[in-house]
Amino acid sequence: MKLLPELHANLVKKAIESAQAAGDLPQFEIPDIPITPAKREGQGDYACPVAMALAKVAAKKPRDIAEMIVKHLPKADFVSHVEFAGPGFINFTLSQKWLKQQIEAIIVEGEDYFSLDIGAGHKAQVEFVSANPSGPITIGRSRGGIIGDTMARLLEAAGFDVQREYYFNNAGMQMVMLGKSLKARYLQALGQDEPLPEGGYQGEYLIDFANELADEQGDALVNADWKPFKEFAEAKMFEWIRDSLAQIGITHDNFFNEDSMFQDGSIWAVLEELDERGYAYKATEWAGASDEEKAKAADREPAVWFRTTAFGDEKDRVMVKSDGIPTYTLPDIAYHKNKIERGFDIMVNVLGADHGQQYKVVQMGIEALGMDPSGIHVIINQMVKAVRQNPETGELEEIKMSTRRGVYDTLDELVEMTSPDAIRYHMLARSPSSHLNFNVEEVVKQSNDNPVYYIQNAHVRCCGIAREAEARGLSDEGADISLLSDEELAFIRKALEMGEVIETAVNQYEPHKIAFYAQELASTFHPIYDNVRALGEGIPEDVTRARLRFYHAARIIFKRVLDLMGMSAPERM
RNA sequence: GCCCCCGUAGCUCAGUGGAUAGAGCGCUGGCCUCCGGAGCCAGAAGCACAGGUUCGAGUCCUGUCGGGGGUACCA
């Protein structure tokens with residue numbers, strides 16, 4: 001579909017050029033022309049405030065500038081009326097005839113009508129979730145998953161060729177600990193009095209794994225070290241994680257293992273290159289360390305440092321520890337180098353706030369390698385706090401998250417209590433930068449009255465009408481769309497904003513915008529459903545036919561917006 | 001201490017520097033013999049504080065206060 005703000009902006013641009021050529025406006029450089037959907041009745045459909053911004057360079061009053069622009073505005077089939085108003089706004093009204101034509105176009109093209117070509121020929125990658133396989137997916141991780149998956153859907157709608165990737169590390173100390181923890185549980189399952197290692201994983205899921213392992217293997221592994229346990233736990237955990245995510249419609253195209261970069265040596269190649277470029281050095285403490293820091297580091301073996309201070313960091317960072325094992329910094333840089341080399345134009349990285357600072361070091365690393373980091377975009381989502389209402393005080397209180405034995409801590413438990421659609425919507429309907437209070441009870445208890453079903457019900461209603469029409473042997477073929485009223489067209493107008501919403505969400509990496517748009521779209525629809533009956537006594541057949549056509553288009557529109565959010569579009573509720 | 005995020009209605013949250021700051025929940029009052037009422041209509045209620053930039057600030061800058069996260073030779 002065409003983006004209406006862009007089309008309007010082009011008209012304004014031509015009008016200014018034409019006014020300048022005619023001497024109605026002085027010469028000046030034409031700035032970017034902002035076009036916004038009108039905010040209220042009587043202000044047309046789209047507004048342009050550019051005249052106010054031009055007042056200075058044109059040395060004229062905003063209203064006079066607006067008048068000149070309107071005077072020189074070229075004709076366009078989608079605009080029926082233009083006026084200047086207020087302090088200097090130019091208000092455009094969409095043509096009714098054109099709007100009605102869009103109904104046919106939507107039905108002919110289907111959901112593809114709402115696709116853009118801004119990403120055509122470009123590859124995009126979204127990396128999200130990326131949890132190491134040491135425990136089940138938590139509510140907090142789900143947020144990043146939903147944001148990432150929705151971002152991917154929006155990029156696809158914008159025309160990008162999208163890959164969803166999951167980056168994981170199964171080689172670190174955490175995984176060793178997981179193996180050791182499972183071994184302890186395994187020995188316990190066999191009746192031995194074996195304590196968990198210090199700092200081990202206390203999650204009850206390891207008890208289940210251990211029982212399973214004991215059933216399968218008997219006591220064959222009593223003398224094994226942590227490795228087979230780690231491998232068993234890892235395989236089980238990944239299966240679990242993938243199942244959990246699949247429940248809410250999240251899948252990945254590629255799982256990228258950090259370890260593969262150790263095996264192919266690319267990590268060491270990056271280190272060498274950083275060294276050649278003068279960004280690495282070996283020392284016991286960083287180059288600008290204070291005396292205090294130096295004293296602390298006195299008895300350490302040297303480590304390899306990354307000179308991030310060259311890029312404005314407050315201190316240099318360790319890349320390779322004194323024991324020869326890299327910290328996460330080096331693999332992260334190597335990973336992003338790898339991404340760039342795979343030829344993505346856009347790489348979106350969804351991170352939780354607890355990892356949020358790390359991307360800066362990665363960016364410095366990419367720059368240090370002489371590569372262009374501008375294709376990398378980070379969405380940092382703030383933490384999720386599961387809350388519920390205290391029955392005594394009425395206050396919202398936090399439900400403590402614990403991977404050990406929290407009540408509401410895993411995605412699985414949440415799915416059990418609510419529904420995938422409810423989880424997706426509520427997680428999505430917040431700006432990523434906003435701290436999320438996820439009120440479990442609200443999503444559960446009030447589910448009959450929440451926006452999730454409000455939006456889906458719009459689709460259900462369209463389906464209901466179609467079903468009823470079919471039962472009565474009525475069809476919308478050959479409908480005379482001109483019989484529709486302003487009310488229906490107001491909805492179509494709102495539906496046409498979907499392209500702008502997708503564009504903005506993609507350009508600004510803010511997938512939550514689609515969730516709010518969907519709610520607005522539904523609230524434009526439901527009053528019409530109430531007022532504009534398609535079927536019923538006293539409604540002329542040609543009017544019925546036209547209205548059926550309208551609801552047909554509306555059904556496609558809601559299907560599309562629900563798809564974009566990864567939600568189901570039920571036909572009945 | 002320093003860095004990042006947040007502070008908008010009773011609650012949960014929207015709000016690309018533009019016209020009269022929006023929605024959901026909750027609350028109050030109306031509307032159903034209707035294509036499924038999981039709906040519609042109406043009402044009360046708000047930009048943490050202080051400066052600054054701008055023709056115009058919830059939005060940008062500085063500071064203060066409050067909340068969250070980070071600040072490891074953990075990931």
Side-chain angles (χ1 to χ4, degrees), chain A residues 5 34-36 38-40 42-43 47 49-50 52-53 55-56 62 85-89 91 130-132 134 169 172-174 258 284-285 297 300-305 313-315 317-323 325-329 331-332 352-358 360 380-383 385 387 389 394-396 426 429-439 442 446-454 456-458 460-469 471-472 500 504 507-508 510 512-513 515-516 519-520 523 526-527 529-531 533-536 544 547-548 551 572-573:
Chain A
I35 303 284
T36 57
K39 283 189 178 147
R40 61 195 69 212
Q43 297 177 352
V50 76
M52 270 112 65
K56 222 167 223 178
F89 288 94
N91 293 335
S130 295
N132 288 338
S134 59
N169 171 22
M173 278 310 296
Q174 296 303 314
E258 176 186 316
T284 51
E285 72 279 317
R300 277 185 194 148
E301 293 298 311
V304 183
W305 297 77
D313 202 358
E314 57 186 339
K315 59 173 288 191
R317 308 286 166 177
V318 170
M319 284 192 289
V320 183
K321 296 185 280 177
S322 36
D323 62 6
I325 296 172
T327 65
Y328 51 86
T329 297
D332 272 3
D354 51 345
H355 291 212
Q357 307 282 325
Q358 174 61 7
K360 286 187 182 167
I380 294 171
N381 62 283
Q382 296 300 315
M383 309 313 287
K385 197 167 25 164
V387 297
Q389 202 170 37
E395 301 280 305
L396 287 178
H426 284 273
R430 266 140 189 102
S431 161
S433 63
S434 160
H435 300 266
L436 196 163
N437 282 330
F438 197 89
N439 189 330
E442 190 168 304
Q446 300 170 349
S447 63
N448 275 359
D449 230 342
N450 90 35
V452 178
Y453 304 103
Y454 184 76
Q456 288 180 323
N457 191 35
V460 168
R461 286 179 144 181
C462 293
C463 293
I465 291 170
R467 260 198 316 274
E468 183 63 22
R472 298 186 192 185
E500 299 143 55
T504 309
N507 286 343
Q508 299 178 0
E510 293 189 327
H512 68 283
K513 290 188 184 295
F516 288 93
Q519 147 68 24
E520 288 170 17
S523 70
H526 286 297
Y529 177 89
D530 248 36
N531 294 334
R533 301 183 54 76
L535 308 166
T544 288
R547 290 180 178 171
L548 287 176
Y551 286 112
R572 300 168 189 271
M573 280 170 111

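Note on naming: letters A, B, ... go to the chains in the order of the sequence lines (proteins, then strands), and numbering restarts at 1 for each one.
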Exercise for the section: Ignoring hydrogens and angles, answer whether the base of B/A75 and the side-chain atoms of A/Y328 contain a donor-acceptor pair closer than 3.5 Å. Expected result: yes
Exercise for the section: Quick one: label A/A53 by what it contacts on the DNA or RNA (base, sugar-phosphate, nothing), any heavy atom closer than 4.0 Å. Expected result: base
Problem - Nearest-nucleotide pick for A/M573, side chain only, options being B/G24, B/A14, B/A38 - result: B/A38
Practice task
Please work out whether the ring planes of A/H426 and A/F438 are parallel, tilted or perpendicular, with thresholds of 30° and 60°.
Solution key: perpendicular
Problem - Nearest-angstrom distance from the residue atom CG of A/N457 to C1' of B/G24 - result: 16 Å
Handout entry: Nearest-angstrom distance from the residue atom NE2 of A/H426 to P of B/A23
Key = 18 Å
Exercise for the section: Could you tell me which nucleotide pairs with B/A21 by Watson-Crick or G-U wobble geometry, both distances under 3.5 Å, or answer none if nothing does? Expected result: none
Problem - A/R461 vs B/G37: side-chain N/O to OP1/OP2 distance below 4.0 Å - result: yes
Exercise for the section: Under 4.0 Å between any heavy atoms, over every strand shown, what does A/G464 touch: base, sugar-phosphate, or nothing? Just pick one. Expected result: sugar-phosphate
Exercise for the section: May I ask you to say what A/A353 touches in the nucleic acid, namely base, sugar-phosphate or nothing, with a heavy-atom cut-off under 4.0 Å? Expected result: sugar-phosphate
Problem - Check: A/H435 side chain, A/K385 main-chain N or O, donor-acceptor pair, under 3.5 Å - result: no
Exercise for the section: Give a yes or no on whether a donor-acceptor pair under 3.5 Å exists between the nucleobase atoms of B/G69, that is its base, and the side chain of A/H435. Expected result: no
Fill in the blank from the handout: Across every strand shown, the nucleotide meeting Watson-Crick or G-U wobble geometry with B/U53 (both distances under 3.5 Å) is none
Problem - Integer-rounded Å distance: B/C25 P and A/N437 CG - result: 19 Å
Completion exercise
Side-chain atoms of A/P451 come closest, of B/A38, B/G69, B/G24, to B/G24
Practice task
Using whole Å, report how far OH of A/Y529 lies from C1' of B/C31.
Solution key: 16 Å
Problem - Phosphate contact (B/C40 OP1 or OP2) by A/Y454 side-chain N/O below 4.0 Å - result: yes
Handout entry: Exceeds 12 heavy-atom contacts within 6.0 angstrom, atom CD of A/E301
Key = no
Handout entry: Intermediate values then yes/no, side chain to side chain donor-acceptor pair (under 3.5 Å), A/D332 and A/Q358
Key = CA-CA 9 Å; A/D332 272 3; A/Q358 174 61 7; 3.3 Å; yes
Exercise for the section: Report which part of the nucleic acid A/S523 touches: base, sugar-phosphate, or nothing (heavy-atom distance under 4.0 Å, all strands). Expected result: nothing
Practice task
Please check if the side chain of A/N132 supplies one atom and the backbone of A/S134 the other of a donor-acceptor pair under 3.5 Å.
Solution key: no
Handout entry: A/T544 (side chain) donor-acceptor with A/A534 (main chain) under 3.5 angstrom
Key = yes
Completion exercise
On RNA chain B, more 5' by nearest nucleotide between A/A38 and A/R572 is A/A38
Handout entry: Between B/C35 (C1') and A/R472 (CZ): distance, integer Å
Key = 7 Å
Handout entry: Protein-nucleotide distance (A/K360, atom NZ; B/C5, atom C1'), rounded to Å
Key = 11 Å
Problem - Backbone of A/R533 reached by a side-chain donor or acceptor of A/R547 within 3.5 Å - result: yes
Completion exercise
Applying the 3.5 Å cut-off to both distances, the Watson-Crick or G-U partner of B/G7 turns out to be B/C65
Problem - Candidate nucleotides B/C35, B/C73, B/G70, ranked by approach to the side chain of A/T327 - the nearest - result: B/C73
Practice task
Please state how far atom NE2 in A/H512 lies from atom C1' in B/G24, giving the value in whole angstrom units.
Solution key: 15 Å
Handout entry: A/K56 vs B/C55: side-chain N/O to OP1/OP2 distance below 4.0 Å
Key = yes
Practice task
May I ask you to evaluate whether A/K39 reaches the phosphate of B/G18, defined as a side-chain N or O under 4.0 Å from OP1 or OP2?
Solution key: no
Practice task
Describe the nucleic acid contact of A/Q43 in one word from base, sugar-phosphate, nothing, applying a heavy-atom distance below 4.0 Å.
Solution key: base
Exercise for the section: Between B/C74, B/A75, B/C5, spot the one nearest the side chain of A/H355, thanks. Expected result: B/A75
Exercise for the section: Assign A/N91 to base, sugar-phosphate, or nothing according to its heavy-atom contacts below 4.0 angstrom with the strands shown. Expected result: base
Problem - For B/U59, the Watson-Crick or wobble counterpart (both distances under 3.5 Å) - result: none
Handout entry: Among B/A75, B/U12, B/U71, the nucleotide that comes nearest once only the side chain of A/E314 is considered
Key = B/U71
Completion exercise
Using Watson-Crick geometry (N1-N3 plus N6-O4 or O6-N4) or G-U wobble (N1-O2, O6-N3), each under 3.5 Å, B/C31 is paired with B/G39
Exercise for the section: Please work out if A/E301 contacts a base, only the sugar-phosphate, or nothing of the nucleic acid, heavy-atom cut-off 4.0 Å. Expected result: base
Exercise for the section: May I ask which nucleotide in the shown strands pairs with B/A14, Watson-Crick or G-U wobble, both distances under 3.5 Å? Expected result: none
Exercise for the section: Taking only the side-chain heavy atoms of A/A47 (C-beta and beyond), determine which of B/A38, B/G69, B/A19 contains the nearest atom. Expected result: B/A19
Practice task
Find the distance between CE (A/M52) and CZ (A/F89) and round it off to the nearest 0.5 Å.
Solution key: 3.5 Å
Fill in the blank from the handout: Ranking B/A75, B/C35, B/A19 by distance to the side chain of A/R533, first place goes to B/C35
Exercise for the section: With side chain to side chain contact (heavy atoms under 4.5 Å, CB included) as the test, would you mind laying out the steps for A/L548 and A/I465 before giving the verdict? Expected result: CA-CA 8 Å; A/L548 287 176; A/I465 291 170; 3.6 Å; yes
Problem - Spacing of A/Q382 atom CD relative to B/G7 atom C1', expressed in whole Å - result: 13 Å
Problem - Sugar-phosphate, base or nothing in reach of A/S322, heavy atoms under 4.0 Å - result: base
Exercise for the section: Remember a base hit wins even if backbone is also touched, and classify A/A297 as base, sugar-phosphate or nothing at under 4.0 Å, heavy atoms. Expected result: nothing
Exercise for the section: Would you indicate what A/N439 reaches in the nucleic acid, counting non-hydrogen atoms under 4.0 angstrom: base, sugar-phosphate, or nothing? Expected result: nothing
Practice task
Indicate, with a heavy-atom threshold strictly under 4.0 Å, whether A/L436 touches base, sugar-phosphate, or nothing.
Solution key: sugar-phosphate
Exercise for the section: Tell me what A/F438 touches on the nucleic acid: a base, only sugar-phosphate, or nothing, going by heavy atoms under 4.0 Å. Expected result: nothing
Exercise for the section: Under 4.0 Å between any heavy atoms, over every strand shown, what does A/Q519 touch: base, sugar-phosphate, or nothing? Just pick one. Expected result: sugar-phosphate
Practice task
Would you kindly check whether a donor in the side chain of A/H526 faces an acceptor in the base of B/C40, or vice versa, at under 3.5 angstrom?
Solution key: no
Handout entry: B/G15 OP1/OP2 closer than 4.0 Å to side-chain N/O of A/K513
Key = yes
Practice task
Give a yes/no on whether any side-chain N or O of A/S434 is located under 4.0 angstrom from OP1 or OP2 of B/A14.
Solution key: yes
